[in-house]
Structure formats: C-alpha cells, structure tokens
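Single-structure report; data block below.
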Amino acid sequence: MHPLRRLASALLLSLCAPLAAAWGPQGHRTVGAIADRLLTPPAHAAVLTLLAGDLDKFGAPSGRTTLEAVAVWADEIRGTPADRPRWHYDDIPLCGGAPRERYCPDGQCNTAQLERLSALLRDPRATARERNEALKWLVHLVADIHQPLHAADNHDHGGNEVTVVLAGVRTRGRESLHRVWDNELVTLALHSRNRQQPPANIAALAVEARSLAGDAGQGSPESWAVESNNLARNVAYTYPGFACNIVPQGTVVLDAAYQQQAEALVRERLLLAGARLAAVVNQTLAPARSAGR
C-alpha cells in the first residue's frame, strides 16, 4: 500500500474509533497484576503456555508472559485491522432502559464478546493464536466493563463530551468526564503517579481484592454491566447541573466531595475487576476437578 494511502486509512480508522479507551495503562495493568496473583497454579501454567510465542501489534515476539503485561494489548492495536472499538463498552442508557439488542447490534459490545471469548478460550478445537488473542481480549474487557462510564451513556458517548476540571488537581489540559475516570482518578485512588504501572503495594491489593469479591460475588458480564451502569448513575454522573439526555454546555467543576467518592469507587472497581478476572481465567483454563476424582 502506498504510504499516503496507508496514512489516510489510519486516520479514517482513528476517526471511527471511540473517543476514549477505558482505564488507562495504570488501571489495566493494576487489574492484570491483581489477577496474576490470584491465579491457581494450573491456571498460571496455562497462561504461560498461551502466552509463550505471544506477538505484539507488529507481529513480532512480545516476550510478555503475564496478564499484567498483556492487559493493554487491546488498546495498543487501536487503528490496526485487529481493532474492535465497539467491544470495549456497552452503551446502556443512563436514563431509561433498553434491551441489549438495541445497544449491542450483532453482538458487537463488551458483554456479548466476553461471553463469546470465554467460550473460545476453553474450546480445544480453537487454534493457539485464537486462544492467545481471546485471553488478551478477555483480560482487557473484564477491566473495561468495571469502569462505570463503559456501561452508561447519556447521549454523550459515555461522558466523553462532558468537559470537566478537578478542583484542586492539576491535569494535562482540557479533560472530559470519561478521561478523568480513566486516568486522574485512578492515579489519585491508587496513590501512585506512575500512569504506566500498577502501584507498589499490589500484593496487598490482591489480598483485599479476594475478600472484596467474596463479599460482592462473582456475577457475570451482564451483572457487571448493570453494576457499572448503576454506579455511573449514582456516582459518576452526579456532577452539578446534570440532566438526563443533555450534555452540559460549559465546563463542569468536580469538587472535593465528588472526587473523594469517585476515588473510593475507582479503587473498588479495579480490585473487583482483578479478582473477577482471576476467577474467570481459573475456571476457564483450569476448572476444578469434580469431587472424588
């Protein structure tokens, strides 16, 4: 392909993609790192087998061997033929209801793909490459659906069209509601300024995550989406001047009280996502043997 034509194709793909990618690298890697620590030994061995020969977006050996390491792969392939932008979210209406078929046409949404990917991952007839990529998508999408704004829409592309500032917090220029939930609130919630890596206390977070998931229950992709939608309605969208199906015209100031509640919720959702991801991988790749065998 001619270089100019290739550039034009890449620009077109970027224009068609969603406006934000869900948790940033820090959030996704934190979820993956928690899950790594909660895998059973058989599941850990299965993950190593699936990732042995893993390829990066250029088709070169990646050297990645953990869930943490592959957690951002689905964002790295943005703008390539392998990209599937609609898989990252469920646009469940924030106000009112709608059947999944309406916001998930032809199964092109997060929850439908999580169901399909889990089945593909456990299918012994699938190729090694298919199962490898199913695992990488699964790691990413379980985290995505635990971000409240990836399961809610107020005619604003999941908060991407709502311009906000965090009171008392210096950010990198103009931000949207969605982006501060992906990045700034994660950094604040984890007390770590490194946006590319999980925090140093990941072992303690994994222990807490296991307990949290025990209290909340494992659930399913659809129930996780319902949780996130409810949390979007009751926390993420509780900014001054909110109205159903109306995008604010000015800049919304998110005060200290909002930030405190949001940070606590972000931390909880990351921990739950990590523990639930581990449970899915454990059950899918190394299901417990029936009693007496």
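Without hydrogens or angle criteria, R29 side chain to Q196 main chain gives a donor-acceptor distance under 3.5 Å. A donor-acceptor pair is defined here as one N or O able to donate and one able to accept, closer than 3.5 Å; no such pair exists between the side chain of D156 and the backbone of V162. In this structure, the side chain of S211 does not engage the main chain of V207 through any donor-acceptor pair within 3.5 Å. In terms of modelled atom types and a separation under 3.5 Å, the side chain of D90 and the main chain of N110 share a donor-acceptor contact.
At a threshold of 4.5 Å between non-hydrogen side-chain atoms, the residues L149 and N160 do not count as touching. Side-chain contact between E161 and H155: absent, with no pair of heavy atoms (C-beta onward) separated by less than 4.5 Å. P199 places a side-chain heavy atom less than 4.5 Å from the side chain of T30. Residues V253 and P240 are not in side-chain contact: their nearest non-hydrogen atoms beyond the backbone lie 4.5 Å or more apart.
Cluster annotation: W137 is not connected to L120 through the hydrophobic network of ILVMFWY side chains, with a link wherever side-chain heavy atoms come within less than 4.5 Å. Cluster membership for V165 and V266, using ILVMFWY side-chain heavy atoms within less than 4.5 angstrom, is not shared. Grouping the Ile, Leu, Val, Met, Phe, Trp and Tyr side chains by contacts below 4.5 angstrom, directly or via other members, places Y239 with L94. Following chains of ILVMFWY side-chain contacts shorter than 4.5 Å, one can reach L270 starting from V139, so the two form part of one hydrophobic cluster. When the side chains of ILVMFWY residues are joined at heavy-atom separations under 4.5 Å, either directly or via intervening members, L166 and F242 end up in a single hydrophobic cluster.
Taking the six-membered ring for Trp and the full ring otherwise, W23 and H140 have centroids separated by 6.0 Å or more.
Each salt bridge (charged side-chain N to carboxylate O under 4.0 Å, His left out) pair with one or both residues in residues 102-121, not counting sequence neighbours, appears once here: R100-E115. Residues in residues 227-279 take part in these disulfide (SG to SG under 2.5 Å) pairs, two or more places apart or across chains: C95-C244. Sorted by first and then second residue, the side-chain hydrogen bond (donor to acceptor under 3.5 Å, both in side chains) pairs involving residues 251-266 (not counting sequence neighbours) are W181-Y258. Sequence neighbours left out, not one pair with a member in residues 116-231 passes disulfide (SG to SG under 2.5 Å). Among pairs with a residue in residues 96-152, those fulfilling disulfide (SG to SG under 2.5 Å) read C104-C109, at least two apart in sequence or across chains.
What you find for A225 and I92 is that their closest heavy atoms are CB-CD1, 3.9 Å. The heavy-atom pair separating R195 from E184 by the smallest distance is NH2-OE2, 2.9 Å. Nearest approach of T111 to P221, heavy atoms of both residues: CG2-O, 3.4 Å. Annotation for H178 and H157: closest pair ND1-O, 4.3 Å, computed over non-hydrogen atoms. The nearest pair of heavy atoms linking N132 to L50 is ND2-O, 2.9 Å. Between P93 and N229, the closest heavy-atom pair is O-ND2, 3.5 Å.
Remark: R179 does not engage D182 in a salt bridge, criterion side-chain N to carboxylate O under 4.0 Å. Ion pairing between E76 and K136 fails under the 4.0 Å rule for side-chain N and carboxylate O.
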List the steps, then state whether side-chain contact (heavy atoms from CB on, under 4.5 Å) holds for W224 with V142.
CA-CA 9 Å; W224 304 337; V142 169; 4.1 Å; yes

Evaluate the criterion side-chain contact (heavy atoms from CB on, under 4.5 Å) for residue pair R131 and R122; output intermediate values, then yes/no.
CA-CA 8 Å; R131 296 181 73 226; R122 68 169 62 94; 5.9 Å; no

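Applying the side-chain hydrogen bond (donor to acceptor under 3.5 Å, both in side chains) test between S228 and each of R269, H150, H146, R233 identifies R269 as the sole match. Results of the side-chain contact (heavy atoms from CB on, under 4.5 Å) test with L39 over L277, T66, V281 single out V281 as the only residue that passes.
For the residue pair D144 / H88, a side-chain donor-acceptor distance below 3.5 Å is found, with atom types taken as modelled.
Going from atom CZ of R64 over to atom CG of L55 covers 10.5 Å, rounded to the nearest 0.5 Å.
In this structure, the side-chain contact (heavy atoms from CB on, under 4.5 Å) partners of L48, at least two apart in sequence or on a different chain, are H44, T65.
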